[in-house]
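Written out below as structure tokens is the structure these notes cover.
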Amino acid sequence: MSATPTTPPPALRPYLTARHDMLWQEADAFAAEHVAPRVARMEAAPGRSESKIADLMAARGWFAVTVPAVFGGLGAGHVARTVLVHRIARVSAAAAAILQATLIPVGALLHFATYEQKGRWLPRVADGSLLLSIAVTEPLAGGHIGGIETTAERAGNEWVITGSKIHIGNSHLAGAHLIVARTAAAGGSTSQALTAFMVEADRLGLSVPDHRAGLGLHGFSVGRLDLDHVRVPEDNVVGEIGQGLAVAQSSSILYGRPNLAAVSLGVHEAVVDTTTARLKARPRYQGALSDLPVLRDRVGDMEARLRAARILAYQAVHLLDQGLPCDAELINSKYLGHRWAMQSAQDAMELHGAHALDRDYVLQRLWRDIQHTYPPAGTGEVQRIRLADAAFGEDHIQWSERLAAEAAWARPDPTAA
């Protein structure tokens, strides 16, 4: 799989402007120069967080790709966000995960923070001095937001937060965490029981255990946060008291799911490129393996899935940039994007035969990495339930529509090339 720059395929032209083309080329060049040479080291030390790549992306302002220029960001919108994550993921899903994990809490701040709070946090994200994480998942509740047990109790003009969060992306790189905690008694309505807080990483009582490597995404820290009576000021509340569920759900749909669709897409492309290169290079009879109809049939299926996933990923965020209701499209892009990439990765493993099992072969890394786009932002079962809601006309909350004023601030100029 080549890390050299490419041009966007013609099928994406309806969704891309000249600025997107420039970001595409920039991301490809960055991946070739800075990411590809570090992949082997990341794989060799899976328990190590890759901070250098994070620093290099931060220096380019990519963590603030959706942040308006007034706060120092690129103001480039959601298609631009997908371009960056997608192109980096072709070379390293772990590096792309570092980028996308900060983009989710950035989205929450854009939609729910006060102007003063945006001015306090977002310029630091834009200048690269601050990475963020979003902390919702818990040891017992998992991704069930209604089961959150971390509590926040008011103490004068402060809040005292106690509990634990797990599977937190950028846990060891983030300088601040957007934490969702319970502020109302258990047993009440979940819709008003939770509140979101910005918690700086150096707050007394906040600890981050050593990073433990997962199955894949080596170099990306997905760790645990333990909060033991951590005190934060009242103005660290993001949104209103009792609005934590809305912060978590909207961030997951508008940012988490399309981000993961972009990661899956990058891995999917790498899988297809790796497989076709191998089959063309492997001699068989008077030709190559790529000449065999039975193998071309399998590769054709992979290519069909890849092309469909690419359109789904970009169409969904294009609609979001236009301020149009598109929750179901964002959900679908994550669901099918992962599912199709997973199927292609499994097909590729079989097409490679025993060679796929060689420890240092790229395909093994791709197969491991794609497993990590299934659980976050809702498993496949969760996505299908949400899509069933849409089928029955019961998707009552359209976050893309409700937050249209914020989501559409970066609508592409229709006159742009």
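Note that the numbering runs from 1 along the sequence shown for the chain. Computed from heavy atoms alone, side chains included, the values below leave out hydrogens, waters and symmetry copies.
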Carefully, step by step, assess L306 and E269 under the rule side chain to side chain contact (heavy atoms under 4.5 Å, CB included).
CA-CA 7 Å; L306 173 59; E269 286 192 2; 3.5 Å; yes
Using side chain to side chain contact (heavy atoms under 4.5 Å, CB included), reason through T275 and V271 one step at a time and then give a plain yes or no.
CA-CA 6 Å; T275 304; V271 164; 4.3 Å; yes
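The pair R48-E50 counts as a salt bridge, with a side-chain nitrogen and a carboxylate oxygen less than 4.0 angstrom apart. Taking 4.0 Å as the cut-off between side-chain N and carboxylate O, D389 and R386 count as a salt-bridged pair. The residues R182 and E138 are annotated as not salt-bridged, no charged nitrogen and carboxylate oxygen being separated by less than 4.0 angstrom.
The heavy-atom pair separating A64 from A126 by the smallest distance is CB-CA, 3.6 Å. The two residues W62 and L103 make their nearest non-hydrogen contact at O-CD2, 3.8 Å. Here the closest heavy-atom approach between residue L330 and residue R257 is recorded as O-CB, 3.9 Å.
Separation of the F197 and H177 ring centroids does not fall under the 6.0 Å cut-off.
With sequence neighbours left out, D226 forms a side-chain hydrogen bond (donor to acceptor under 3.5 Å, both in side chains) with S164, R224.
Side-chain contact check for D327 and S400: at least one donor-acceptor pair (N or O, by modelled atom type) lies under 3.5 Å. Between the side chains of Q25 and D21, not a single donor N or O lies within less than 3.5 Å of an accepting N or O.
Under a 3.5 Å cut-off, the side chain of K334 and the backbone N or O of G378 do form a donor-acceptor pair. Judged by distance alone, with hydrogens and angles left aside, the side-chain atoms of S252 form no donor-acceptor pair with the main-chain N or O of A248 at under 3.5 Å.
Taking the six-membered ring where tryptophan is involved, the planes of H355 and H352 are essentially parallel, since the angle between them stays under 30° and well short of 60°.
The side-chain heavy atoms of L132 and N170, taken from C-beta on, include no pair separated by under 4.5 Å.
F30 does not carry R87 over the face of its six-membered ring by the limits of under 6.0 Å from the centre and within 45° of the normal.
Pairs of residues two or more places apart, or lying in two chains, that qualify as ring pair (Phe, Tyr, Trp, His ring centres under 6.0 Å) and include a residue from residues 262-315 are H86-Y314.
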